[in-house]
Amino acid sequence: MPPSCTTRFEVTAYDLAATLDSGQVFRWRPTAGQWVGVVGARWVALASEPGAIVARTAVPCASWDWLADYLQIQTDLEAVLRAFPDDEPLRRAVAACRGLRLLRQDPWECLASFILSSTKQIVQIRQIIDRLCQHFGEPLAVPPGHVPAFAFPSPDRLARATEARLRGCKMGFRAPYLLAAARRVASGQTDLEALRRLPLAEGRSRLMELPGVGRKIADCVLLFAYGFPEAFPVDVWILKALRELYFPRRRVSPAVLQQFAAAHFGPWAGYAQQYLFHYIRTCAGRTGGTPPASGPRDSNVTLYADHP
DNA sequence: GCCCAGGTGAAGC
DNA sequence: GCTTCACATGGG
């Protein structure tokens with residue numbers, strides 16, 4: 001097909017807002033009824049229509065495979081949801097935002113973003129990444145009337161930065177972690193492309209060799225960039241969700257909850273995680289505890305709640 | 001002012 | 001092994 005600045009992906013049950021605004025990615029902004037962001041080296045605007053997503057770029061594209069892959073258009077969401085364990089918390093989480101998807105992000109951008117995420121609120125992570133891209137990213141072509149856009153800075157570019165300049169982006173104590181990670185990736189000591197071919201556990205170990213990368217951040221990268229659907233990042237929100245929804249009024253350690261998740265949520269645990277994360281943050285959270293009235297009727301839940 | 005945020009690493013039992 | 005703490009910064 002001839003190069004074009006627009007295309008249309010036919011897709012049902014794709015909640016663009018929930019997907020782009022659910023803490024898996026930090027570069028999308030709602031702008032005049034659409035979502036404006038950057039994918040790789042391209043400025044992109046996305047809009048929802050009934051049964052479709054309409055995409056627009058600033059520079060004509062001959063192929064749109066890169067965007068279909070990023071948005072994971074081909075994922076059979078209904079099959080994923082059918083494979084979830086049938087329990088009340090997940091039923092509610094899915095009902096609250098059916099159409100939430102997982103993206104397939106660039107490994108370096110995802111890794112760097114989550115190194116910057118620790119003990120930061122999502123709005124602040126966005127601000128830090130904005131500054132990082134403005135200071136160190138390549139400027140991108142943008143349609144007339146839109147604010148400037150920048151690519152996510154490469155490992156090479158950040159490897160040549162100083163810790164002080166990184167701290168200028170207000171990332172605080174995360175600056176030395178990001179700098180060290182950039183240098184390891186830029187030097188080839190860590191080969192992010194080679195990680196695609198490794199089994200989950202091995203990839204996780206390799207990622208955790210990086211300073212500032214523990215189990216949680218490694219699992220975010222494995223899930224959001226490498227597409228391991230069973231990776232299950234456990235952060236403060238997931239702890240809250242699991243405790244309130246599956247272990248009410250019990251003291252359960254993070255390690256036990258991680259084991260519970262691996263055993264309970266199955267091959268698409270990462271998807272379940274994203275639904276629970278979104279649900280506890282937008283619907284159930286806030287008041288600090290509105291544990292729903294399901295109670296012990298749910299055999300699945302009570303079965304697993306008997307862990308020590 | 002105080003508490004918390006998509007954590008991690010180091011130091012203390 | 002497990003618990004506690006420091007680490008920057010900003011929002012509510």
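What you see below is based on every heavy atom in this structure, not just the backbone, and it leaves out hydrogens, waters and symmetry mates. Residue numbers begin at 1 in each chain, while the letters A, B, ... track the order of the sequences.
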Sticking with atom [atom1], work out how far [N] lies from [M], rounded to a whole angstrom.
N      : M     : atom1 : value
C:dA6  : B:dC2 : P     : 15 Å
B:dG6  : C:dC2 : P     : 26 Å
B:dA10 : C:dA8 : P     : 14 Å

Just call it for [X]: base, sugar-phosphate, or nothing, with non-hydrogen atoms closer than 4.0 Å on any strand.
X        : result
A:Ile238 : base
A:Val213 : sugar-phosphate
A:Ser117 : sugar-phosphate
A:Ser22  : base
A:Gly23  : base
A:Leu210 : sugar-phosphate

Heavy-atom nearest nucleotide on DNA chain C taken for A:Ala255 and for A:Met171; more 5' hit belongs to A:Ala255

When you measure from the centre of the six-membered ring of A:Trp66, is the NZ or CZ of A:Arg42 under 6.0 Å away and within 45° of the axis?
yes

In whole angstrom, what separates [X]'s [atom1] from [N]'s [atom2]?
X        : N      : atom1 : atom2 : value
A:Lys120 : C:dG10 : NZ    : P     : 6 Å
A:Arg174 : B:dA5  : CZ    : P     : 13 Å
A:Ile128 : C:dA8  : CD1   : C1'   : 9 Å
A:Ile280 : B:dA5  : CD1   : P     : 12 Å

Check every atom of C:dT9, C:dA8, B:dT8 against the side chain of A:Lys216 and return the nucleotide holding the closest atom.
B:dT8

Does a side-chain N or O from A:Arg167 land closer than 4.0 Å to OP1 or OP2 of C:dA8, or not?
yes

Tell whether A:Gln127 reaches the base of C:dG11 with its side chain through a donor-acceptor pair below 3.5 angstrom.
no

Taking 5.5 Å and 30° as the limits, would you call A:Phe114 and the base of B:dG6 a stacked pair?
no

Parallel, tilted or perpendicular: ring planes of A:Tyr271 versus A:Trp268, cut at 30 and 60 degrees:
perpendicular

Just how far is it from atom CG of A:Leu111 to atom OH of A:Tyr226, taken to the nearest 0.5 Å?
7.5 Å

Any chance the rings of A:Tyr14 and A:Phe9 have centres within less than 6.0 Å?
no

